[in-house]
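As the structure lists them, so they are numbered: ligands from 1, and atoms in each ligand from 1.
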Amino acid sequence: MKQNFLFQQLYEDQSSTFTYLLADSNTKEAVLIDTVIETVDRDLKLIEELGLKLIYVLDTHIHADHVTGAGEIRKRLGIKTAVPKKANVPCADLNLSEGDEIKFGEFTISTLETPGHTDASLSFYCEDMVFSGDALLIRGTGRTDFQSGSASELYDSVHKKLFTLPPSTTLYPAHDYKGFTSSSIAMEIKHNPRVGGGRTKEQFIQIMSELKLAYPKKIDQALPANFSCGTIGKDLGAEIKYKNISPSELQNRLGASLLVDVRENDEYTGELGHIQGSHLITLGESLKPFLEGYNRTEEIVFVCRSGNRSAIASQLAVELGFEKISNLEGGMLRWNELKFPVKK
Ligand SMILES: [Fe+2]
């Protein structure tokens with residue numbers, strides 16, 4: 001490692017998240033990867049003590065277990081935030097895809113697309129280190145059952161992207177729950193019990209399908225907050241002011257509530273279809289003016305593909321003062337799985 005490469009691994013214990021500080025100690029330019037709202041003060045104090053000039057805050061993916069500190073740090077320091085392009089986060093300054101580079105001082109971070117934990121997850125490679133987010137963990141992987149995750153895609157991301165890095169590359173994930181702090185690509189190829197040790201894609205898909213993990217505790221607050229750069233719903237202890245409803249609850253209420261589908265036009269008319277009577281108002285600029293036309297006591301149910309974008313819309317409606325807001329859990333994916341009627 002070059003002498004002027006400054007590196008610090010930081011930890012947040014509620015969500016077991018690692019935040020990484022990378023800097024060039026000659027030019028003082030610095031970057032943070034995967035910050036947590038609760039530890040923003042600590043991170044900024046460290047940056048100040050070291051005399052660094054923070055220029056970017058990167059997120060490997062849209063986290064479901066904690067709120068990113070990116071928006072708060074941008075507000076305080078005027079830095080640029082960067083997220084995966086495929087995550088569709090309009091408030092971010094940079095939207096990163098495969099091959100995109102972030103420069104600080106004489107160093108460069110290269111972006112690798114490593115989907116599977118979420119459909120938009122990235123890993124960042126810099127100076128023989130890889131920051132893998134939740135794609136590859138130490139002796140584990142991220143879960144693949146939320147946020148359009150896919151075990152098959154994750155296996156390919158790990159095998160075709162991460163496992164093809166130089167074997168000596170140090171692995172720094174976004175989390176660890178067992179006390180590890182780093183690993184190497186060589187060690188994970190050999191010892192990772194899910195994707196290493198010669199396990200096939202079929203074996204990995206089988207392992208992931210049998211995990212039976214609990215619904216992430218903070219997901220309903222963290223996702224809407226993170227899709228808006230961590231600027232809303234910061235208080236994870238706060239009650240959610242909208243209801244999550246199951247497809248069968250919605251089926252029983254059809255006709256009684258205003259149904260708003262916030263997907264894109266081609267999704268609405270695409271293979272998952274849409275629910276009869278739903279209004280298509282794509283999440284974006286047109287949603288607020290549409291809602292303004294309704295009484296704040298109107299019962300509204302928001303729908304999207306998997307329940308993430310509709311959670312953001314629900315949060316927005318609550319902030320506008322609506323009192324009876326519901327979000328369809330699992331979105332049209334779950335609706336279709338349960339074979340409820342769709343219009344195509
Ligand atoms: Fe994650």
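Taking the six-membered ring where the residue is Trp, Phe18 and Tyr20 present tilted rings, their angle falling between 30° and 60°.
The nearest N, O or S atom of His117 is closer to the Fe ion (ligand 1) than 2.8 Å. The Fe ion (ligand 1) has His61 among its coordinating residues (N/O/S atom, backbone or side chain, under 2.8 Å). At a cut-off of 2.8 Å, Asp134 is counted among the residues with an N, O or S atom near the Fe ion (ligand 1).
Glu210 CD: more than 12 foreign heavy atoms inside a 6.0 Å radius.
A donor-acceptor pair shorter than 3.5 Å can be found between the side chains of Thr60 and Asp34.
Test Asn226, Thr68, Thr81 against Asp59 for side-chain hydrogen bond (donor to acceptor under 3.5 Å, both in side chains) and you get one pass: Thr68.
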